[in-house]
Amino acid sequence: MALPPSGTTDEAFLREVDEEYRRDQMMSIGRRYGLVIVGVIVVGLLALGGWLLYQNHSAGVAGTRGEEYDAALQLLQQNQPVQALPALDKVAQGKSDGYAALAKIAAGNVMLARNDTKGAVAKFAEVANDKSIDQAYRDLALVRQTAAEFDGLKPEVVIQRLGTLANPDSPWFGTAGEMVGAAYLKSGNRAAAGKLFGQIAQAGEAVPESIRQRAVQLAGTLGVDAAAAAQSKEAKGQ
């Protein structure tokens, strides 16, 4: 089975990709700020696992392009990225829809795994800037693009790009919030960073546990007792 076309807005799709993204780890990026803040480490095909899981919920393969996309994913599963890239490019060159968007993002992930950051960023940006594609795919591409080039971006660029996604109502709250929080810290705005990490820590199941745990630690270094607040919130919800 393959993923549904661009009309898809199913939260399961976004949540599963978000869960895969949690595999990224934080790293220390500067003694100047005196604490550990979020860095983005690209470790391969972060979103691919979520897409493959989601296929179990799909109704079926939607025509030839769906079959071609599914075949390309099978090549990736078989650890054949060299063969998969032209197959993904073929899907991406078709109609500008969900399949094309996912094919470009998958190709970008392959490029990241092969240390071609420039090529990967170009793929992600192409999807993120295509207004004819469903917003869910554009948001995914924007998060991946920003993660890939995070270390080279100015803090204000990260905040501007991901600000609307770094809020509790967004399915990308955890992943986008980590990067925006790091950007606040890099710019010296400790108060905004502490507040945001505190919100992430208290987000409950809407954010992967590993991200919440990191947020608790980071908030604590900034004087925000997010752990106690999160426990109190969970107790009230029981």
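Every heavy atom of this structure was used, including side-chain atoms; hydrogens, water molecules and symmetry mates were not. Counting begins at 1 with the first residue of the sequence. Note that the structure is a prediction, hence the values are computed from the model and not measured.
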At what distance, to the nearest 0.5 angstrom, does [atom1] of [X] lie from [atom2] of [Y]?
X	Y	atom1	atom2	answer
L142	F124	CG	CZ	11.0 Å
Q83	L88	CD	CG	11.5 Å
L162	F150	CG	CZ	9.0 Å
R138	D134	CZ	CG	9.5 Å
D151	L153	CG	CG	8.5 Å
I211	E178	CD1	CD	4.5 Å

Has the side chain of [X] got a donor or acceptor atom that lies under 3.5 Å from a matching backbone atom of [Y]?
X	Y	result
D139	A136	no
R190	L222	no
T175	W172	yes
Q160	E156	no
N129	A125	yes
T146	V143	no

Of all heavy-atom pairs between [X] and [Y], which one has the smallest distance, and what is that distance?
X	Y	value
A128	A141	N-CB, 3.7 Å
A84	A72	CB-O, 3.9 Å
A201	R212	O-CD, 3.9 Å
L165	A176	CB-CB, 3.8 Å
A193	L185	CB-CG, 3.6 Å
A100	A92	CB-O, 3.8 Å

Exercise for the section: Using a strict 4.0 Å threshold on nitrogen-to-oxygen distance, state whether K123 and D116 make a salt bridge. Expected result: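 Salt bridge between K123 and D116, a charged N being under 4.0 Å from a carboxylate O: no.
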
Handout entry: E149/R161 ion pair, N-O < 4.0 Å
Key =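 R161 and E149: salt-bridged.
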
Handout entry: Derivation of the side-chain contact (heavy atoms from CB on, under 4.5 Å) call for L112 and R144
Key = CA-CA 10 Å; L112 281 179; R144 296 297 297 123; 3.3 Å; yes

For the residue pair [X] and [Y], establish whether any side-chain heavy-atom pair is separated by less than 4.5 Å.
X	Y	result
F173	L196	yes
F197	V224	no
I133	E126	no
E67	D70	no

Does a side chain donor of either [X] or [Y] reach within less than 3.5 Å of an acceptor in the other side chain?
X	Y	value
D89	Q93	no
S187	N189	no
Q213	Q217	no

Problem - In one Ile/Leu/Val/Met/Phe/Trp/Tyr side-chain cluster, 4.5 Å: L140, V121 - result: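 Shared cluster, no.
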
Exercise for the section: Following the transitive rule for hydrophobic clusters with a side-chain heavy-atom cut-off under 4.5 Å over Ile, Leu, Val, Met, Phe, Trp and Tyr, establish whether L75 and V110 coincide in one cluster. Expected result: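 The answer is no; the residues belong to distinct hydrophobic clusters.
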
